[in-house]
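Every chain is numbered from 1, with letters handed out A, B, ... down the list of sequences.
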Protein chains: 2
Amino acid sequence: MAGSSPEREPVAARASARRGIPPATVARLPGYLRALHALAAEGVVTTSSDELADRAGVGSAQLRKDLSWLGSYGRRGVGYDVEHLSSQVEVALGLTTQRRVVIVGIGNLGHALANYSGFADRGFGVVGLVDADPAVVGTTVAGLVVRPLDELRAIVAATDASIGLIATPAAAAQEVCDALVEAGVVGILTFAPRSLRVPPHVDVRAVDVASELQILAFHDHRRATGA
Amino acid sequence: MAGSSPEREPVAARASARRGIPPATVARLPGYLRALHALAAEGVVTTSSDELADRAGVGSAQLRKDLSWLGSYGRRGVGYDVEHLSSQVEVALGLTTQRRVVIVGIGNLGHALANYSGFADRGFGVVGLVDADPAVVGTTVAGLVVRPLDELRAIVAATDASIGLIATPAAAAQEVCDALVEAGVVGILTFAPRSLRVPPHVDVRAVDVASELQILAFHDHRRATGA
DNA sequence: TAGATTGTTAATCGATTAACAATC
DNA sequence: TAGATTGTTAATCGATTAACAATC
């Protein structure tokens, strides 16, 4: 409109500025980080896109394309420094500061999640346990006392938790979700088998174990019958 | 080659014949089924793509496109019969015969999974529990006696299990996976945080809870910083 | 230099979405 | 018939992949 064509940035930079790292890439970054940590634990100092992709279970072209969204952290002809790349992936994912997690629903699954050591290893701290059942409230699980649902807001405020984990029955999930949102969490991971409604600023990810099995059943079925 | 153009089928039919239902669609079908069952439980007899999509948390265009891969089970101007569509989705997923599941790794998580009633409700039967720890072997969990790892093959054979569920530590997962494949399962759902290597005829799905949290952390981080 | 490996391009492929003709 | 809603089309969008120039 000003009569001259604007300065052109590289395509990738423009896309990055517009939309950031693509969701499909973000979803694979934790897998790369896992593979990098495994390599570091084995004492490997330098790796290649071939080796790392193989460890992560993806193609090397995809790995390089994914990493290119973060920047240029490899050396042509050499590969990637394991420690340095780990750090950069952690920076990209925002794992440089620990995030605090509240678990709601301390049944079998909530119990297992509260005791899962993999959270602390990977940047998360479980800071609160909440349940609606008076018989469960007051018990100690994984070193934390289980608190009643009506204290959720105070717990989130006191601990500055940003992530809520829902391990309740499906029937209670939306109500708990609303309470978590109201309390101020911005990310929710739910294991309850139903879809949740949240405002746009809140991010929900859902793990439904029976759905996963049904997807496996489809492939089993295809193999057994037609194709 | 024969000198005349071949008969043309509709595009969708050709694609369907070639590759079947797209993976992204298959992954959403369990969610539709859940929503349909919820509607049925409320006594709703007929639904629309708008209502069903809303329940499942997707757009109505996407829902109709997805269902079109299964066939034409709606009535223009009317909607879908809840019971009939449920059945058709179940047929498409191969849920008309119950599939049997073996769980390996009876720690906190394996325990929770063994006791999860959602499996039976949705077409799966837990028929075997296996653990490597002699202290766990012999105990009864969810009505089943935990058996040692070296009996895995016999259990799969005796129960005709087709799906294996891995709830072991990461370090044991590949070994357990190999044993499951060797025993004859064709679908594996793993909760261990590492990638698994399987032959092409075996299907693996992975749930990594800490990875899910890391993906949530990314969005939290983006919100807090730049975009 | 010669060999190796990245980062990027461009082509392909698959998924999503809006719009609407078909039809109940 | 008029209104409603599907099933399908076609356009757009995003993801994957192979190939290779850049460069260590």
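The backbone N or O of Ile21(B) sits nowhere less than 3.5 Å from a side-chain atom of Thr25(B) that would complete a donor-acceptor pair. Within the 3.5 Å criterion, the main-chain N or O of His221(A) finds a donor-acceptor partner in the side chain of Thr225(A). Between the side chain of Arg99(B) and the backbone N or O of Leu216(A) there is no donor-acceptor pair closer than 3.5 Å. Judged by distance alone, the side chain of Ser72(B) and the main-chain N or O of Ser68(B) form no donor-acceptor pair under 3.5 Å.
A sub-4.0 Å separation between OP1 or OP2 of dT5(C) and a side-chain N or O of Ser49(A) is absent. Checking the phosphate oxygens (OP1, OP2) of dT5(C), no side-chain nitrogen or oxygen of Ser48(A) falls inside 4.0 Å. For Tyr80(A), a side-chain nitrogen or oxygen approaches OP1 or OP2 of dG7(C) to under 4.0 Å.
A heavy atom closer than 4.0 Å to some atom of DNA chain C occurs in no member of residues 33-45 of chain A. The stretch residues 211-218 of chain B has no heavy atom under 4.0 angstrom from DNA chain C at all. Near-neighbour residues of DNA chain D inside residues 194-208 of chain B, defined by a heavy atom below 4.0 Å, are absent.
Here the P atom of nucleotide dT5(D) and the CG atom of Leu85(B) are 16 Å apart, to the nearest Å. Regarding Trp69(B), its CH2 atom lies at a distance of 12 Å from the P atom of dT16(C), rounded to whole Å. The CG-P distance, from Leu67(A) to dG7(C), rounds to 8 Å in whole Å. Rounded to whole Å, the distance from NE2 on His84(B) to P on dT6(D) is 15 Å. Taking atom CG of Leu63(B) as the reference point, atom P of dA15(C) lies 17 Å away to the nearest angstrom. Atom CD in Glu51(A) sits about 15 Å away from atom C1' in dT6(C), given to the nearest Å. Rounded to an integer number of Å, the gap from Asp66(A) CG to dT16(D) C1' is 10 Å.
Salt-bridge check for Asp54(A) with Arg197(B): passed, with a basic side-chain N closer than 4.0 Å to an acidic carboxylate O. Salt bridge status for Asp50(B) with Arg55(B): absent, with no side-chain N to carboxylate O gap under 4.0 Å.
For residues 200-209 of chain A, every residue pair satisfying the salt bridge (charged side-chain N to carboxylate O under 4.0 Å, His left out) rule, not counting sequence neighbours, is listed here: Arg205(A)-Glu212(B), Asp208(A)-Arg34(B), Asp208(A)-Arg122(B). Annotation: salt bridge (charged side-chain N to carboxylate O under 4.0 Å, His left out) contacts involving residues 64-82 of chain A, sequence neighbours excluded, comprise Arg28(A)-Asp66(A).
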Begin from the C-alpha positions of Tyr116(B) and Val126(B) and carry the test side chain to side chain contact (heavy atoms under 4.5 Å, CB included) through to its verdict. CA-CA 10 Å; Tyr116(B) 180 48; Val126(B) 176; over 6 Å; no

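In the displayed structure, Glu175(B) atom CD is contacted under 6.0 Å by at most 12 heavy atoms of other residues, nucleotides or ligands.
Listed by chain and number, the residues in a side chain to side chain contact (heavy atoms under 4.5 Å, CB included) with Pro199(A) are Val181(A), His201(A), Val202(A) (sequence neighbours excluded). Evaluation of the ring-ring contact (aromatic ring centres under 6.0 Å, His included) rule for His37(B) yields no partner, not counting sequence neighbours. Looking at residues two or more places apart in sequence or on another chain, you find a salt bridge (charged side-chain N to carboxylate O under 4.0 Å, His left out) between Glu182(B) and Arg153(B). Residues satisfying the side chain to side chain contact (heavy atoms under 4.5 Å, CB included) criterion with Ala120(B), sequence neighbours excluded, are absent altogether. Taking Ala206(A) as the reference, Thr190(A) meet the side chain to side chain contact (heavy atoms under 4.5 Å, CB included) condition, with sequence neighbours excluded.
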Nucleotide-level pairing of DNA chain D, given in dot-bracket where Watson-Crick and G-U pairs need both distances under 3.5 Å and | marks other strands: ..||||||||||||||||||||||

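With values rounded to the nearest 0.5 angstrom, Leu29(A) atom CG is found 12.0 Å from Trp69(A) atom CH2.
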Give me the distances for all protein-to-nucleotides 17-21 of chain D N/O pairs that come in under 3.5 Å?
unit_1, atom_1, unit_2, atom_2, d
dA19(D), N6, Arg64(A), NH2, 3.4

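Of all nucleotides listed (dT6(D), dA15(C), dT16(D)), dT16(D) comes nearest to the side chain of Arg28(A).
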